[in-house]
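Below you'll find the structure, written out as structure tokens, and then a few comments.
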Amino acid sequence: MSDNKDNQLYAMRHSLAHIMASAIQHLWPEVKLGVGPVVENGFYYDVDLGGEQLSADDFERIEAEMAKIIKAGEAFERFEMPVLEAVDWARKYKQPYKEELLNDLQRSGTTAAKDLDAAELGLAADGDSKVEQVSFYRNGDFTDLCRGPHVEATNKVGAFKLMRVAGAYWRGKEGNPQMQRVYGVAFATPKELRQYLDMLEEAKKRDHRKLGQELDLFVMSDLVGSGLPLFTPRGTVLREELERFSNELRKGYGFEKVSIPHITKKDLYEKSGHWAKFGDELFLVKSQETSDDFVMKPMNCPHHTQIYAARPRSYRDLPIRFIDTTMVYRDEKTGELGGLNRVRSITQDDSHAFIRPDQIEQQIDDVLACANQFYETVGMKLRVRLSYRDDSDAYLGSKDLWVSAQEQLKNAVIANKLDYFEQEGEAAFYGPKIDFMATDAIGREHQVATVQLDFVMPERFGLEYTADDGSAQRPVMIHCAIMGSTERFLAVYIEHTAGRFPVWNAPEQIRLISVNQEAETVAFVDKVLQEARDLGLRVRVDNSNESVGKKIRDAEVWKVPYTVVLGEKEIGGGELVPRIRKDLVVNESAKSYTIDEFLKTVAHEAKSRVSKTSL
RNA sequence: GCCGACAUAGCUCAGUGGCUAGAGCGGCUGUUUUGUAAACAGCGGGUCGUGGGUUCGAAUCCCUCUGUCGGCUCCA
């Protein structure tokens, strides 16, 4: 898409925000308006209707009113006025939120209003610390403080649809009054809108919470608590296959598995600095024997430093690399929990490398290679975000260290030819990160893996190694996770595959269906089952008293990769014709195999983690 | 944590002040012995999320708590 087209779409969406606000004002003349910016795929406007609450039931009326305004083809006219005059305007029309914005602008210029999208403010000029003139846009009877740009007239706004209404704090601050945010999506053409809505429809079908239920992967229990998923046998197979792959990749680069307890004295986190920063999100554990305060571990790095610190280390020993795929526990706010995306028991495929400064580049190369291979295998395209610090004081360690660390990360990313972008203010408090974003099968991007450079933790724990000149040196730590969190990755992966898992991680790889329930058939099916199990395959048998058609249907519903019907023909020595799940098929023509051939091929596919079948 | 919506059988959902709360699927039993997406019949199954209130009467109206969903805020 050209820049020009982007700008045009932006103007359409922004204009729709005004049209919606205008429509709402027609229907609720007392409305107090907040801000109404353009967001991904559309726009929103924050409104305050006093005591009244908007609901989705009101969308029809609002959309109808918007349609009238659009049909009228009102021109968007821009004009300016001095800030002081604008304050009077806001007062006159009883718009306290606009008044507050204008007051901030007038008092101290753009910086005081930095927390808002600049486009929302009626700034006549950018980057000017003194604001004297502000701009307005008017269409029909509606006037709004706004920098623009807009389309020429209300009938040039493309296709839109109001989607939802939700609470939002005024200016995003928890202490401020809560307004209602009305969201709409908008595109240049009805066709593009249709495509977007279809994508949402498809996303709904793939929702991991729905598939998790249908495919019996995980459950929640009120008695266990929210945000604490329980994994069924099928879900556990899936988790463990993914974790095993992540572990194997890293072991291939010299990482070694370690194991740690899930609780610790809180002293560990006082030393690491986590207590001060995240103390209120830790689960506390009380001992009945000692006076020590314990906590559930919310991360693993401090534990791992203690394995490193337990004996003297030589420069020859480095890198020392630990992997630990283990659960951590974070007392997330209840309102933030949802499905597997945000849970309170989080499995991390965590690793920590303790290295010499001269090993940074090699080490980053290794973990980037792991991540690349993992995401190539699961069929997701990667790009990375270099997450840097900003100028705030939320970060530990000297600024010089940060600058050099950030540079080294960038070099490694460039050397690995990764598609990247840079962003300030996204770093962890102890160091800069490389965050991996993976694109799923329906085009959505998710944050997954992460690689973090850390000069702070080794300092805090006084970690050392002896250099070739006998001096004590400080190692550098690299934190790295391939999936990040198993739970969150599962949410992404279930939706990416729509529950059609490849053979290597499918909870059930083969289903054997008996044609009838005669003793001879059942015995034959059992024999094939045993052969498959001996090859390490995950197989289920359906001997039930149902028609073959029904049993095939069941296997389809469970999205089993291979279904095999066994009866008289196969018992008599005939070759079997496997039914192959259609997304796995490369070659359309059905072929027959001996039982041995078939099972060995599937076992080989599972081992080599192929995404399509070779049958 | 905040704003809003929701919670009825294992699942998906009907039922919005008045007889013993229903359906489909799943489950169980029987008949059938089946060849690549649903055989037929019968039977079980619910303290209507929890606790309280209003009422002659509550799944239905009000409040509390728990949980779920959509957002906000946060995310080592």
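The sequence lines fix the lettering, A, B, ..., with proteins before strands; numbering per chain opens at 1. Predicted model, so just to flag it, every value in this text is computed and none were measured.
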**Item:** Of Arg579(A) and Glu281(A), the one whose closest RNA chain B nucleotide lies more 5'
**Value:** Arg579(A)
**Message:** Here's one to test your reading of the geometry: is the NZ or CZ of Arg234(A) within 45 degrees of the ring axis of Trp558(A) and under 6.0 Å from its centre?
**Reply:** yes
**Asked** What is the distance from atom OH of Tyr388(A) to atom CG of Leu386(A), rounded to the nearest 0.5 Å?
**Response** 4.0 Å
**Between Tyr269(A) and Phe278(A), ring centroids under 6.0 Å** = no
At less than 3.5 Å, do the side-chain atoms of [X] and the base atoms of [N] form a donor-acceptor pair?
X         : N      : value
Gln180(A) : G71(B) : no
Asn545(A) : U31(B) : yes
Tyr169(A) : G1(B)  : yes

**Asked** When you compare G15(B) with U8(B), how far apart are their P atoms, in angstrom units rounded to a whole number?
**Response** 14 Å
**Prompt:** Separation of Lys569(A) atom NZ from G35(B) atom C1', in whole Å?
**Reply:** 6 Å
**Asked** Is U68(B) paired to anything, Watson-Crick or G-U wobble with both distances less than 3.5 Å, and if yes, which nucleotide?
**Response** A5(B)
**Message:** Tell me whether the ring of Phe278(A) lies stacked over the A76(B) base, given a 5.5 Å limit on centroids and a 30° limit on the plane angle.
**Reply:** yes
Can you see if the side chain of [X] gets near the phosphate of [N] - specifically, an N or O under 4.0 Å from OP1 or OP2?
X         : N      : result
Arg164(A) : G71(B) : yes
Ser547(A) : A38(B) : no
Arg209(A) : C69(B) : yes

